[in-house]
Amino acid sequence: MTTVLAPVEGAAVGLAAVPDPVFSAGMVGPGTAIDPLRGPGEAVAPIAGKIMKLHPHAYVIVGDDGRGVLVHLGIDTVQLKGEGFRLLAAEGDRVRAGQPVVAWDPAAVEAGGRSPVCPVVALDAVSESLTGVAEGAVHVGDELFRWE
């Protein structure tokens, strides 16, 4: 079992609340989403492992068991070309769960006309394998869901 932690503070709202059809339909994979608190903060590693992909707006961490978790900071934020994001780690780094990966400001994302909602997705998983999916307020490092 893999315990996936909340990478940002806010309200767990479920993937259906993500204003992007690819995420909301679960096409990327099952998981949930967090509507983050507005204001500067850091997005952390939801699991321990290796950063396999790192963009300013999104990252994938793969644990020693081969399971990968995608954290996407806001919707359509790739269009910002890194503006407003600061990398705190590098692709290929090994990180512990809860270690800061990207600094960003959800309020600035929203002010630019984009949704700051953050999908957190279990890659190559089936929805039935996720249990204990959080709802409502979550703090950084709280259990977000379990991947059986």
Side-chain angles (χ1 to χ4, degrees), residues 1-20 22-78 80 82 84-107 109-110 114-148:
M1 182 188 73
T2 301
T3 300
V4 177
L5 306 180
V8 296
E9 185 168 355
V13 294
L15 287 180
V18 177
D20 178 290
V22 174
F23 283 112
S24 64
M27 287 189 261
V28 179
T32 192
I34 300 172
D35 188 6
L37 290 182
R38 303 309 191 259
E42 295 176 342
V44 306
I47 61 171
K50 183 176 182 181
I51 300 174
M52 297 304 283
K53 270 290 172 213
L54 178 61
H55 301 283
H57 67 281
Y59 51 95
V60 174
I61 298 177
V62 176
D64 291 337
D65 59 3
R67 291 178 167 181
V69 177
L70 165 70
V71 176
H72 204 284
L73 302 174
I75 301 303
D76 295 330
T77 46
V78 66
L80 297 173
F85 298 86
R86 186 168 45 87
L87 300 180
L88 304 174
E91 198 166 288
D93 283 359
R94 290 201 62 80
V95 292
R96 67 185 186 287
Q99 183 174 329
V101 177
V102 177
W104 73 308
D105 186 348
V109 168
E110 191 169 58
R114 293 173 181 82
S115 170
V117 169
C118 300
V120 181
V121 177
L123 299 172
D124 300 320
V126 293
S127 56
E128 297 78 30
S129 65
L130 303 189
T131 61
V133 179
E135 295 178 13
V138 292
H139 296 89
V140 171
D142 284 355
E143 184 175 302
L144 194 58
F145 56 84
R146 288 183 298 283
W147 185 352
E148 305 288 343

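None of these values were measured; they are calculated from a predicted model.
Listed by chain and residue number, Arg38 satisfy the side chain to side chain donor-acceptor pair (under 3.5 Å) test with Asp35 (two or more places apart in sequence, or in another chain). With sequence neighbours excluded, no residue forms a side chain to side chain donor-acceptor pair (under 3.5 Å) with Glu42.
Residues Lys50 and Val62 fail the side-chain proximity criterion, which asks for heavy atoms closer than 4.5 Å. Using a 4.5 Å heavy-atom threshold, the side chains of Pro119 and Ile75 count as touching. For the pair Phe145 and Pro46, the minimum side-chain heavy-atom distance is 4.5 Å or more. Here the side chains of Ile61 and Ile51 are in contact, with some heavy-atom distance below 4.5 Å. A heavy-atom distance below 4.5 Å is found between the side chains of Val102 and Leu87. Side chains of Ile34 and Pro7 form a contact here, defined as non-hydrogen atoms less than 4.5 Å apart.
Note that CZ of Arg114 is 4.0 Å distant from CG of Leu80, once rounded to the nearest 0.5 Å. Rounded to the nearest 0.5 angstrom, Arg146 CZ and Thr2 OG1 are separated by 12.0 Å. Put simply, OG1 on Thr131 and CE on Met1 are 7.0 Å apart, with the number rounded to the nearest 0.5 Å. With rounding to the nearest 0.5 Å, the separation of CG in Asp93 from CG in Leu54 is 8.5 Å. With rounding to the nearest 0.5 angstrom, the CG atom of Leu88 is 9.5 Å from the OH atom of Tyr59. Rounded to the nearest 0.5 angstrom, Glu110 CD and Ser115 OG are separated by 7.5 Å.
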For this session: For Val44 and Gln99, run side-chain contact (heavy atoms from CB on, under 4.5 Å): C-alpha distance rounded to whole Å, both residues' side-chain angles, the deciding distance at 0.1 Å, then the answer.
Result: CA-CA 5 Å; Val44 306; Gln99 183 174 329; 5.9 Å; no

- request: With side-chain contact (heavy atoms from CB on, under 4.5 Å) as the test, would you mind laying out the steps for Val69 and Trp147 before giving the verdict?
  value: CA-CA 10 Å; Val69 177; Trp147 185 352; 4.2 Å; yes

Note to self: I'd like to know whether Asp142 forms a side-chain contact (heavy atoms from CB on, under 4.5 Å) with Glu9, so could you lay out the CA-CA distance, the side-chain angles of the two residues, the decisive distance to 0.1 Å, and finally the verdict.
What the structure shows: CA-CA 9 Å; Asp142 284 355; Glu9 185 168 355; over 6 Å; no

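Put simply, the side chain of Ser24 never gets that close to the backbone of Ala16: no donor and acceptor are under 3.5 Å apart. Using modelled atom types, one side-chain atom of Thr77 and one backbone atom of Leu73 make a donor-acceptor pair closer than 3.5 Å.
Listed by first and then second residue, the salt bridge (charged side-chain N to carboxylate O under 4.0 Å, His left out) pairs involving residues 63-78 are Asp64-Arg94 (not counting sequence neighbours).
Here the shortest heavy-atom pairing between Pro30 and Ser127 reads CB-CA, 3.6 Å.
Ring planes of Trp104 and Phe85: parallel class, angle under 30° (limits at 30 and 60°).
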